[in-house]
Each structure stands twice: as C-alpha cells, then as structure tokens.
Amino acid sequence: MVDLPDRRTNFVDWYLAVVEAADLTDKRYGVKGLNIWTRYGFLARRQLDAVLVREIEATGSEPVEFPALIPENEFAKEKEHIKGFDAQVYWVTKGGLSELDVALALRPTSETAIYPVFALWVRSHRDLPLNIYQIVNTFRYETKTTRPFLRVREIHFFEEHTCQTNEATATDRVRSNLAAFRRMAETFGLPYLSIRRPEWDKFPGAFYSIAFDIPVGGARTLQIGSVHHYRENFSGPYGIRYEDTEGTQRLVHQTTFGLSERLLGAIVAVHGDAKGVIFPSSIAPYDVVIVPIPSAETRVAVLGAADELADRLRRAGRRVRLDAGEERPGAKYYHWELRGAPLRLEVGRREAESRVASSVDRLGRKGRVAFDTAAVDVTARLAEFDRALGERARSAFQASFAVARSLEELAKAEHVYLVGWCGSEECGHRIETAIDGALLGVPEDGLPLDPGTPTACIACAGSDGVRWAVAGQPL
RNA sequence: GGGACUGUGGGGUAGCUUGGUCCAUCCUUCGGGGUUCGGGACUCCGAGACGCCAGUUCAAAUCUGGCCAGUCCCA
C-alpha cells in the first residue's frame with residue numbers, strides 16, 4: 001500500500017512522504033508554504049498545544065490574543081527588528097478598492113503589535129511582572145523550499161511576551177522559560193540542546209537569544225524554539241515604563257519565548273520509523289486504538305466486548321478509537337502504525353471469552369490488558385511506552401554528536417560537532433565556512449558528550465577563553 | 001533576485017525524443033455485489049487524468065509562446 005522511502009538513506013523524502021501518508025497535512029492547497037491542517041493533524045496539534053498551555057500557565061503566564069495586522073509605523077519602531085524581518089513580511093496595502101493610508105503588516109511575530117499596548121498596560125511596579133502568551137498564526141514570506149511543519153509561510157506560533165522590573169528579574173524569567181521548555185520536551189520525549197546564539201545570529205533586536213536545537217541526521221540540526229532577553233531594546237522605542245517604589249520612571253526589561261508547529265515536525269522526525277509516525281501518548285490524536293477481530297460466528301460477541309472495553313477506557317479519560325471498519329485486521333494494524341498510535345488493543349474470540357485484551361505498543365512490545373482493570377493497565381503501558389520512546393530518542397541523540405579537532409574534520413559533516421571556540425566572530429565565520437553551516441553557539445546547560453576541557457580554538461588555535469561550541473547545518 | 005528542470009485520475013506512473021496505432025498504460029485509491037476475516041484477502045462490476053490560455057497542423061498528452069503551480073541550484 002504505502003511504501004515509504006528509506007529513512008536512513010533518504011531522510012527528507014521519508015519525512016515528506018510520512019507526514020502526508022499519516023494524514024497529518026495536505027499540501028495541495030496550491031500556495032507555497034500554506035498547508036492544510038487535516039483532521040488528524042489538527043488533533044495532534046491540539047494535543048501538543050495543550051501541553052504548551054499547561055506548562056506555560058504553570059509558570060504564571062496568561063493567555064491573550066492580539067490582532068494579526070500591524071500598522072507600518074509601529075512595525076518600524078525598533079530598527080534592528082525591522083531590518084531582520086523586512087524581507088519576510090507580507091503587507092496588506094489595499095482595503096477593498098482603495099489603497100490604505102497606512103499599510104498593514106501581517107505579523108511575522110507579534111512584538112510590534114503587542115508593545116504599544118504594553119505601554120498602556122504598564123504604569124506601576126505593581127503591574128509587574130506582566131507575563132502573557134498567545135497561540136496564533138503568523139506569516140513569513142519564506143523564499144527557501146518550504147516543508148510541512150518545518151518551514152512554512154503561515155506558522156502556527158506560540159509566543160510568550162513578558163515585562164520585568166530589571167535585567168536580573170528578566171534573566172529569572174528566561175530561566176523559568178528554559179525550565180518550562182525542559183518539561184514540555186520531556187513530555188514529547190525530545191532530547192535537545194539549549195544553545196546561546198552568537199552575537200551575529202541572535203533574534204533581531206534581542207540582547208541575547210537562547211535557542212533549542214535537535215540533531216536530525218548527519219550534521220543537520222533543527223531549531224525547535226527560542227527564548228530571548230530583550231533588555232530595554234524594545235521598551236525604549238515603545239515607551240514601556242513603570243514607576244518604581246521610589247517614584248522613579250524606569251523602562252521594563254522584556255523577554256519572549258517562541259515555539260511553533262515545528263515541534264510537531266520534530267516529533268515526527270525524531271521518533272518515526274520505517275512503518276511511519278510514532279507519537280508519544282500525550283500527542284497522539286488517539287492514544288489507544290482498539291481493533292476487533294470478528295468472524296462470522298463470533299461477530300456479535302467480539303464487537304460487544306470491544307465496545308465495552310472502549311467505553312471503560314473513554315470513561316477513564318482515554319482518547320480511544322474503536323476501528324470497527326470492514327478492513328481485515330492486518331490492514332488496520334498497518335493503518336494505525338503509519339499514523340503513530342501508541343497502543344493497540346486487539347479483541348477477538350479469545351479475548352472476548354477471557355475478558356483480557358491483547359496489547360501491542362508502537363515499539364512492538366506485547367502484553368495483556370484485563371477488561372476489569374483496563375484503565376489502570378493502559379495507563380501503565382502508555383507510561384512505559386513513553387519512557388522507552390524517550391530512551392530510544394536519547395541514545396540516538398547522543399550518537400549524533402562528535403568532537404571535531406580540525407576544520408577538515410568539520411567539512412565531513414557526518415555529525416553535529418562540538419568544537420573549541422575562542423569566541424571571536426572571525427573564528428566563528430571560519431567554522432561556519434568549514435562546515436558549510438552555522439556555529440549554533442555555546443550550550444547553556446550541559447553538553448551531550450563529556451569531551452573534557454576545551455584546550456584550543458579549532459580555527460585560530462588560541463587558548464584564551466576557549467569554550468565548547470556546537471557547529472551544524474541548520475535545516 | 002538569477003538560472004535549470006518538472007506538471008498525465010485522489011496518490012504514484014507509461015506514453016512525449018520521431019504528432020495519427022490514445023474515447024491514454026499499469027499499480028494504488030474510491031463506489032457497489034459476493035466469498036472472507038488472529039499481520040497489507042480474493043473476485044466480479046463500476047468511477048476517476050493529459051495544469052491553464054492561445055498558436056501551429058488535416059490531426060496535439062506529444063511541437064511553439066504566455067501564464068499558473070511546484071522542485072532543485074546559485075545570490
């Protein structure tokens with residue numbers, strides 16, 4: 001039926017085939033980079049968003065939603081920012097038949113939509129901290145090749161924007177975001193690296209940027225999120241001030257935290273296998289799929305038992321899909337394996353009689369689930385499945401890094417590399433040229449390997465201020 | 001922004017060089033019937049396409065031009 005390209009030798013083709021075959025997206029809309037969220041893909045996205053919402057709200061952030069259009073004059077206020085996004089902005093210049101007096105930008109991100117309003121909302125130190133987030137669509141005119149979930153022109157975007165009293169409390173917020181992302185990624189079973197971007201590669205307008213990167217084969221990496229400290233870079237131009245306890249007017253220090261549907265692409269890319277997608281249980285549209293196996297004589301009993309099992313699990317809060325279609329059982333197995341269902345329960349004559357279903361998780365491990373204790377048994381199986389999935393991802397993650405000691409080694413681009421780096425921009429660019437990619441920066445908390453203390457810069461051989469940095473080829 | 005290439009049912013393809021043998025091949029998919037049902041069933045009947053617009057020609061899926069969409073490479 002569906003034959004996927006080989007994942008090992010032909011990763012990109014495998015990815016493109018699997019997201020369509022698993023019915024996560026339909027890219028036949030006819031406009032580059034604008035893809036359709038299918039029913040199944042939408043359900044996965046909704047699960048993913050629920051995790052983001054849960055974790056960010058646990059850190060005291062509250063939801064808002066700002067308009068999608070930003071007036072040109074506001075958009076242009078922060079100079080670095082506008083320069084960084086200039087080439088990627090869609091503009092609305094007409095209303096009906098007439099030209100607009102002030103052109104409207106379709107948000108590529110929402111700083112410039114939100115910050116003029118922050119200036120109205122923030123008056124006193126009592127208004128701080130101000131932590132808000134929104135999940136909205138943003139638009140970026142990508143000129144490179146677009147790929148479902150990984151690089152699109154209409155982006156499903158999570159963005160937190162905060163105002164803090166000073167640089168130190170803003171730094172605390174950054175740390176809190178890093179911790180929140182650690183919990184999100186753990187739920188998804190996604191190992192990643194937090195990396196402080198070099199000066200020349202930080203977010204336009206930021207004081208510094210910390211990004212989350214994952215390896216996706218060879219030297220290739222994928223950025224799946226970022227946290228930025230803006231200091232007063234935006235609050236200055238937008239006039240976001242508060243009166244402190246002494247009666248002095250001060251500018252707020254700001255931070256942002258951005259994630260997108262790339263996370264869904266990363267989950268597909270990292271966990272998937274030759275049979276298709278593998279969803280961690282928290283993301284799967286259906287965390288349990290029940291396949292009845294009827295025969296002419298046992299049909300009524302088997303379907304009745306499957307129904308009962310589905311009902312028990314649903315009442316326990318599971319997202320159950322009872323696949324009672326007319327296809328043969330084997331066809332259904334392939335169907336749900338392709339779509340990444342974490343746990344399959346089979347109910348045939350034997351199971352109906354014994355009231356114990358056979359279970360197979362998406363990693364192929366078999367077990368039994370008694371009807372009477374189904375809710376508890378399934379919860380345990382899914383927890384074990386998530387653990388094993390995360391474990392598997394972690395080994396692959398570690399195996400994808402290597403230490404490079406020379407620029408020639410980098411050029412092979414077989415791994416994502418740890419390199420000694422003196423911190424100079426010149427050496428940074430030499431490293432980037434060598435790997436034909438990017439110097440992602442210095443890891444923020446912990447390395448994937450234990451290479452000891454770096455002794456020399458890979459580019460200039462100097463030993464002053466050398467630290468381990470990560471070099472790769474961003475997708 | 002510059003260049004190269006591609007476009008045939010829902011998906012994948014054959015046919016294109018050398019116009020006619022094409023009311024378009026094969027696989028899959030979809031609808032209906034029957035026999036089946038513990039890892040991708042079989043069978044019978046049926047459905048579905050030459051990206052769009054012009055041009056050349058007795059004749060265009062095939063040649064030419066423009067447009068649209070997509071892919072890849074370079075800036």
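Chain identifiers are assigned alphabetically (A, B, ...) following the order of the sequence lines, protein sequences preceding nucleic acid strands; residue numbering begins at 1 within each chain. These numbers were taken from a predicted model, which means no experiment stands behind them. As a basis for the values below, the full set of heavy atoms in this structure was taken, side chains included, without hydrogen atoms, waters or symmetry mates.
- Along RNA chain B, the nucleotide nearest to A:Arg299 and the one nearest to A:Gly33 differ in position, and the one closer to the 5' end is contacted by A:Arg299.
- Ring geometry for A:Tyr286 against A:Tyr40 counts as tilted: the plane angle lies between 30° and 60°, on a 0 to 90° scale.
- The aromatic rings of A:Phe181 and A:Tyr192 sit perpendicular, their planes meeting at an angle over 60°, well past the 30° parallel limit.
- Taking the charged nitrogens against the carboxylate oxygens, A:Lys202 and A:Glu199 do have a contact shorter than 4.0 Å, which makes a salt bridge.
- For the C1' atoms, the distance from B:U13 to B:U6 is 14 Å, rounded to whole Å.
- The P atoms of B:C67 and B:U18 are separated by 26 Å, rounded to the nearest whole Å.
- In this structure, CG of A:Leu303 is placed 15 Å from P of B:C37, rounded to the nearest angstrom.
- Ion pairing between A:Glu337 and A:Lys275 holds under the 4.0 Å rule for side-chain N and carboxylate O.
- Classification of A:Glu297 and A:Arg349 as a salt-bridged pair fails, no side-chain N sitting under 4.0 Å from a carboxylate O.
- The distance between atom CG of A:Asp323 and atom P of B:G39, rounded to the nearest whole Å, is 16 Å.
- Under the Watson-Crick and G-U wobble criteria, each requiring two contacts below 3.5 Å, nucleotide B:G9 is left unpaired.
- In this entry B:G65 has B:C53 as its Watson-Crick or G-U wobble partner, both defining distances falling under 3.5 Å.
- When the P atom is compared between B:A60 and B:A4, the two are found 30 Å apart, to the nearest whole Å.
- Comparing the same atom, C1', in B:C50 and in B:G7 gives a spacing of 10 Å after rounding to whole Å.
- Nucleotides B:A54 and B:G33 are separated by 43 Å at their P atoms, to the nearest Å.
- Residue-level contact check: A:Lys332 touches neither bases nor backbone, having no heavy atom under 4.0 Å from any strand.
- Nearest to the side chain of A:Arg28, among B:G39, B:G11, B:A41, sits B:G11.
- The residues A:Asp213 and A:Arg197 are annotated as salt-bridged, a charged nitrogen and a carboxylate oxygen being separated by less than 4.0 angstrom.
- Taking the six-membered ring for Trp and thresholds of 30 and 60 degrees, A:Tyr230 and A:Phe234 have ring planes inclined between 30 and 60 degrees apart.
- Closest to the side chain of A:Arg147, out of B:U71, B:C37, B:C72, is B:C72.
- Atom P of B:A49 sits at a distance of 12 Å from the matching atom of B:G11, rounded to the whole Å.
- Across all strands shown, the partner of B:A41 is B:U35, judged by Watson-Crick or G-U wobble contacts whose two distances both fall under 3.5 Å.
- Looking at the side chain of A:Thr145, the nearest of the listed nucleotides B:G40, B:G38, B:U71 is B:U71.
- Between the CH2 atom of A:Trp336 and the C1' atom of B:G40 there is a distance of 16 Å, given to the nearest Å.
- Side-chain proximity of A:Lys32 to the nucleotides B:U71, B:C37, B:G39 is greatest for B:U71.
- We find that CG of A:Leu475 is positioned 12 Å from P of B:C72, with the value rounded to whole Å.
- Across all strands shown, the partner of B:C72 is B:G3, judged by Watson-Crick or G-U wobble contacts whose two distances both fall under 3.5 Å.
- Closest to the side chain of A:Ala331, out of B:G40, B:G39, B:G70, is B:G40.
- Nucleotides B:G51 and B:G46 have their P atoms positioned 27 Å apart, rounded to a whole Å.
- Taking atom P on both B:U17 and B:C63, the two are 5 Å apart, rounded to the nearest angstrom.
- Phosphate proximity of B:G38 to A:Arg328: present, with a side-chain N or O under 4.0 Å from OP1 or OP2.
- In this structure, A:Tyr333 does not count as stacked on the base of B:G39 under the 5.5 Å centre distance and 30° plane angle limits.
- In a base pair of the Watson-Crick type (N1 to N3 plus N6-O4 or O6-N4) or a G-U wobble (N1-O2 and O6-N3), with each distance short of 3.5 Å, B:U18 is matched with no nucleotide.
- Side chain A:Glu346 to base B:G39: no donor-acceptor pair is found below 3.5 Å.
- Note: CD (A:Glu326) to P (B:G34) measures 11 Å, nearest angstrom.
- In this structure, the CD atom of A:Glu20 is 11 Å from the P atom of B:U71, given to the nearest Å.
- Judged by Watson-Crick or G-U wobble contacts below 3.5 Å, the nucleotide B:G46 has B:C30 as its partner.
- When rounded to the nearest whole Å, the span between OH of A:Tyr29 and P of B:G70 equals 12 Å.
- B:A24 makes up no base pair with any nucleotide shown, lacking Watson-Crick or G-U wobble contacts both under 3.5 Å.
- Contact annotation for A:Glu297: no contact, since no heavy-atom pair falls under 4.0 Å across all strands.
- Look at NZ on A:Lys144: it is 14 Å from P on B:U71, rounded to the nearest Å.
- In this structure, A:Tyr141 has its ring center no closer than 6.0 Å to that of A:Trp91.
- Remark: the A:Glu351 side chain and the B:G38 base include a donor-acceptor N/O pair separated by less than 3.5 Å.
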